[in-house]
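Okay, so here's the structure we're looking at.
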Amino acid sequence: MAKLTQLPKLEPRWRHSVGDHVIDLCWSPDGSLVAAASVSGPIRVFGVPTGELKCELPGHNFGTTALSWHPDGKTLASAGQDRHARFWDIATGKERLALDGGSAWVEHLAWSPRGDFLLTAAGKKLKLWQADGTLVREYPPESHTIAGVEWGAKGKVFVICGYGGVKFFFPTRDEPSDVFEWKGSIIGMSWSPDSTMLAGGGQDATVHFWYTKTGEDLQMSGYPSKIRELSWDSTSRFLATTGGERVVVWDCSGDGPAGSSPLMLQYHEKPISSVRFQRAGLLLASGCP
């Protein structure tokens with residue numbers, strides 16, 4: 001498969017100001033809606049074809065930090081600086097549940113692919129919840145702050161990242177099943193939908209790739225700033241990352257991204273804070289302050 005090396009002709013479909021720094025973006029499972037969270041708290045849900053505002057959720061009193069859409073498309077989970085994760089009914093715009101993350105800020109959360117579990121990370125504390133809000137497991141505290149959580153495509157394994165690399169867990173066990181060590185701090189990550197590659201954004205302004213079967217790794221540098229946000233497209237071919245004012249897209253087909261040059265999409269005037277591919281399709285959403 002030939003590498004994609006030329007910038008495609010792209011035009012913005014629509015734009016909206018949410019009144020504050022965009023801290024996270026999340027596509028609905030069917031790709032028809034996109035939710036945008038502002039750092040001050042409110043969450044807005046837009047229809048993709050026209051950008052129509054579908055609903056506005058109050059979010060979290062001291063600020064929203066992250067979003068994760070349930071696979072059924074009816075419930076949006078959010079994390080915030082009020083030590084809670086919250087479930088929102090998209091049809092009514094009402095809050096359904098509030099879960100105590102165990103620390104002042106709940107910074108990360110992720111639904112399992114089947115929607116039976118939700119992971120929350122607050123500081124060094126990791127918790128596993130059932131979809132009805134029942135706490136299943138509270139894991140032993142990590143030695144460093146958890147910088148990201150991600151499920152494997154089949155929902156049997158999840159991974160967390162932070163200082164020292166990434167750790168793999170089975171939901172039924174307290175201790176990690178595997179560890180990919182890294183000498184620095186991984187502050188964001190994304191697992192390819194086919195589970196073959198795990199990409200991590202570094203505090204040192206690099207992107208680190210691991211092949212999950214072997215642990216073999218490679219590193220891509222040249223970014224102007226650290227990388228917190230990464231997103232794979234549904235085919236596992238393209239990885240989009242932040243790290244400055246341009247969206248950087250790596251083509252990971254064939255032998256992978258080693259030795260290749262990424263696509264550079266420059267449509268923002270300020271550093272990009274969030275980037276997300278559709279769950280099915282090649283539409284890419286990005287946000288900046």
Side-chain angles (χ1 to χ4, degrees), residues 22-39 41-46 54-55 57-60 63-91 93 95-103 105-122 125-137 146-155 157-161 169 171 188-193 228-232 234 240 273-280 285 287:
V22 178
I23 194 69
D24 201 11
L25 293 168
C26 190
W27 290 89
S28 64
D30 64 1
S32 66
L33 301 171
V34 64
S38 61
V39 71
I43 303 164
R44 291 174 174 85
V45 179
F46 301 98
K54 295 293 185 179
C55 67
L57 311 173
H60 298 257
T64 299
T65 56
L67 302 172
S68 184
W69 216 303
H70 191 279
D72 68 6
K74 299 177 182 179
T75 301
L76 181 69
S78 63
Q81 298 178 34
D82 56 2
R83 75 179 288 131
H84 286 91
R86 302 184 184 275
F87 292 1
W88 305 94
D89 186 319
I90 294 301
E95 180 183 320
R96 290 180 44 220
L97 285 172
L99 311 177
D100 189 337
S103 187
W105 288 23
V106 182
E107 297 171 285
H108 309 283
L109 75 174
W111 283 107
S112 61
R114 293 183 297 178
D116 47 351
F117 295 119
L118 178 78
L119 281 168
T120 62
K125 296 183 178 181
L126 180 68
K127 293 186 177 184
L128 181 70
W129 309 83
Q130 289 182 348
D132 63 1
T134 301
L135 180 63
V136 177
R137 183 178 297 272
I146 300 168
V149 296
E150 185 90 8
W151 287 91
K154 295 182 179 180
V157 180
F158 66 86
V159 65
I160 67 172
C161 68
F169 287 83
M189 64 180 172
S190 186
W191 204 343
S192 64
R228 290 188 180 276
E229 297 290 327
L230 309 92
S231 179
W232 290 93
S234 60
S273 56
S274 53
V275 62
R276 289 289 186 277
F277 270 110
Q278 269 181 311
R279 295 197 183 191

Requested in this report: Check whether any side-chain heavy atom of Leu126 sits under 4.5 Å from a side-chain heavy atom of Phe158, and report yes or no.
Outcome: yes
Query raised in the report: What's the verdict on side-chain contact (heavy atoms from CB on, under 4.5 Å) for Val45 and Trp88, showing C-alpha distance, side-chain angles and the deciding distance?
Result: CA-CA 11 Å; Val45 179; Trp88 305 94; over 6 Å; no
Query raised in the report: Is the backbone of Asp100 close enough, under 3.5 Å, to the side chain of Lys127 for a donor and an acceptor to pair up by distance?
Result: yes
Report summary line: Sorted by chain and number, sequence neighbours left out, side chain to side chain donor-acceptor pair (under 3.5 Å) with Glu95 holds for Arg86
Report summary line: Rounded to the nearest 0.5 Å, the OG atom of Ser190 sits from the CD atom of Glu229 at a distance of 9.5 Å
Query - Main-chain N/O of Trp27 paired to Arg276 side chain as donor or acceptor, under 3.5 Å - result: no
Query raised in the report: Any idea how His70 and Trp111 line up, ring-wise: parallel (<30°), tilted (30 to 60°), or perpendicular (>60°)?
Result: perpendicular
Report task. Report, as yes or no, whether the 6.0 Å neighbourhood of atom CH2 on Trp105 holds more than 12 heavy atoms from other residues, nucleotides or ligands. Result -> no
Requested in this report: Indicate yes or no for a side-chain donor-acceptor contact from Ser28 to the backbone of Gly73 under 3.5 Å, with no hydrogens or angles considered.
Outcome: no
Report summary line: So CZ of Phe169 and CD1 of Ile160: to nearest 0.5 Å the spacing works out to 4.5 Å
Query raised in the report: So, Thr75 side chain and Phe87 main chain: donor-acceptor pair closer than 3.5 Å or not?
Result: no
Report summary line: For Ser231, the side chain to side chain donor-acceptor pair (under 3.5 Å) test, sequence neighbours excluded, returns none
Query raised in the report: Mind checking whether Gln81 and Thr65 have side chains closer than 4.5 Å, heavy atoms only?
Result: yes
Query raised in the report: Could you state the interatomic distance from OG (Ser78) to CG (Leu109), rounded to the nearest 0.5 Å?
Result: 7.5 Å
Report task. Before giving the answer on side-chain contact (heavy atoms from CB on, under 4.5 Å), spell out for Trp191 and Val157 the whole-Å C-alpha distance, their side-chain angles and the decisive distance to 0.1 Å. Result -> CA-CA 11 Å; Trp191 204 343; Val157 180; 4.3 Å; yes
Report task. Give a yes or no answer on whether the side chain of Asp24 reaches the backbone of Ala37 with a donor-acceptor pair at less than 3.5 Å. Result -> no
Query raised in the report: Leu99 and Leu118: side-chain contact (heavy atoms from CB on, under 4.5 Å), yes or no, with the steps?
Result: CA-CA 11 Å; Leu99 311 177; Leu118 178 78; 4.2 Å; yes
